[in-house]
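Below is one structure, written out as structure tokens, with a few remarks after it.
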2 protein chains.
Amino acid sequence: MKLLPERTVERLSKYRRVLQRELDNGTDHIYSHELAKLLHITPVQVRRDIMLIGHTGTLRKGYSIDNLIKLISEIIDCSSSVQNVAIVGIGKLGQALLDYLTGSNTKLNLSAVFDNNPDKIGTSYSGTVCYSIENLKKIVKREGITIGILTVPPEFAKEVSTMMKDAGIVGIINFTPVSLKLDGTFLEEYDVITTLEKVAYFSKPKNAKLL
Amino acid sequence: MKLLPERTVERLSKYRRVLQRELDNGTDHIYSHELAKLLHITPVQVRRDIMLIGHTGTLRKGYSIDNLIKLISEIIDCSSSVQNVAIVGIGKLGQALLDYLTGSNTKLNLSAVFDNNPDKIGTSYSGTVCYSIENLKKIVKREGITIGILTVPPEFAKEVSTMMKDAGIVGIINFTPVSLKLDGTFLEEYDVITTLEKVAYFSKPKNAKLL
DNA sequence: TAACAACTGTTACAAAAATCACATTAAAAT
DNA sequence: ATTTTAATGTGATTTTTGTAACAGTTGTTA
């Protein structure tokens, strides 16, 4: 299949989540406008996304929830090969994200946690043992980890991200405020302060972007 | 001034941060290509953003760092009125974000923290006292809080976000996986699992969006 | 002082994302 | 059976975002 737009992939993740809830409630079909309402978007956008992944609904009956979930899962999880995730830097943020991850029913598998604090190494976090960053390459290779969550202090961000790439990680979410660039790696930056300042700007009366 | 594009505002926040660092290092002017390099973007984009905020550099000398920081601050912080922030739900994620916030030199002022856990109410978190959610409206009005960070468990997301709006909060960052919609409020959603699944999708070999 | 190099500012263009408009069709109502 | 209604699927359009190209200007060098 052709590469999907980023925003579509994001929405697919959300579709799947709410669809699973509907399925658990015993619903078996859903209309585009119903799905749209659950996510506060437009029905057209839902239909277009579904069109893009090649699914087709039934006129006057809507989309089969079961089929849709299966298809989205094939696309995101790639069913064949599980993707293993590591959290690098298990401070407060790392631990908070860990909880989100283990609490959700995503198919991504948290395989390891890394830190350089001797007190943490060897400790178990929500059932996942913490390794020394020194062993990053070894463990990443052994566990077949491909995705990394980077939550180290900013001064280590660059160095550690390079280590992650060299170890074979191909997708990184960077939660440090340090801007990174790694060729051959899909990098997603998330900067809390920037987001907050953006919200501050757009919620000021004169910039009324208040939808 | 005309409303700025969202992406530009995001970049302004990042410009300011790295510019402050340069200033602290004793640099007083910077070229677009230097600033671009620090954030791994293109020089054109930097010049374009700076043009949009009405600043103008000096040919062959670049931009005055000091002036640029001042201008960006006027735009984002609106210097006149400080914007007060509250964190609603002080679990692990809330506490992690609190650290980011108090550790950064943003002009946004963290004024209060809320939770419904009796053990937490009255406790001080990084110098900010935790109030009961029952008193949200009262405290928000008293402290003049306009921005809220929502980090409650998903089952409370909708109810609490409505309370926040009713209390007078006009900008919310929603860290719960529950999609929200509040008229008259600028709402920014951040969904860790969705981001992670997006990274998983784009870092798969066949979807090689590896820049 | 003439030619060149380096950097800004901006217009024109391209790409990505969202929305509109409407053809199509299946079920329900008359 | 015919009309109406309610839904999907998609080409066309608009909006947002990013990039390219280059004119203009200032300092440097020959």
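These numbers come from a predicted model, not from an experiment. Letters A, B, ... are given to chains in the order of the sequence lines, protein chains preceding strands, and every chain is numbered from 1.
D:dG9 atom C1' lies 14 Å from atom CD1 of A:I53, rounded to whole Å. Note: NZ (A:K198) to C1' (D:dT17) measures 13 Å, nearest angstrom. Across the protein-nucleic acid pair, B:L4 atom CG and D:dG18 atom P stand 13 Å apart, rounded to whole Å. Rounding to whole angstrom units, NE2 of residue A:H40 and P of C:dA18 are separated by 17 Å. Separating the CD atom of B:Q45 from the P atom of C:dA14 is a distance of 18 Å, rounded to the nearest angstrom. Put simply, CG on B:L52 is 11 Å from P on D:dG18, counting in whole angstrom units. Between A:I41 atom CD1 and C:dA18 atom P the separation is 9 Å, expressed in whole Å.
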Only distances under 3.5 Å count here; give the side-chain donor-acceptor pairs of residues 38-45 of chain B to other protein atoms, sequence neighbours excluded, each with its distance to 0.1 Å.
residue, atom, partner, partner atom, Å
B:H40, ND1, A:S179, OG, 3.0
B:T42, OG1, B:Q45, N, 3.3

Please set out all donor-acceptor pairs under 3.5 angstrom arising from side-chain atoms of residues 136-151 of chain A, sequence neighbours excluded.
residue, atom, partner, partner atom, Å
A:K141, NZ, A:A167, O, 3.2
A:R142, NH2, A:Y131, OH, 3.4
A:T146, OG1, A:Q83, OE1, 3.3
A:T151, OG1, A:V88, O, 3.2
A:T151, OG1, A:G89, O, 2.5

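Contacts between residues 7-20 of chain B and DNA chain C, defined by a heavy-atom separation below 4.0 Å, involve no residue at all.
The minimum heavy-atom distance linking B:F114 with B:I133 is given by the pair CB-CG1, 4.0 Å.
In this structure B:R48 satisfies the side chain to side chain donor-acceptor pair (under 3.5 Å) test with no other residue, sequence neighbours excluded. B:D191 pairs by the side chain to side chain donor-acceptor pair (under 3.5 Å) definition with A:R17, B:T194, not counting sequence neighbours. Applying the side chain to side chain donor-acceptor pair (under 3.5 Å) rule to A:E10 yields the partners B:K198; only residues at least two apart in sequence or on another chain are considered. B:Y63 is linked by a side chain to side chain donor-acceptor pair (under 3.5 Å) to nothing, counting only residues two or more places apart in sequence or in another chain. Every salt bridge (charged side-chain N to carboxylate O under 4.0 Å, His left out) that B:D99 has, sequence neighbours left out, goes to A:K92.
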Which letters describe nucleotides 5-12 of chain C, given B = protein heavy atom under 4.0 Å from base, S = only from sugar-phosphate, - = neither? BBBBBBBB
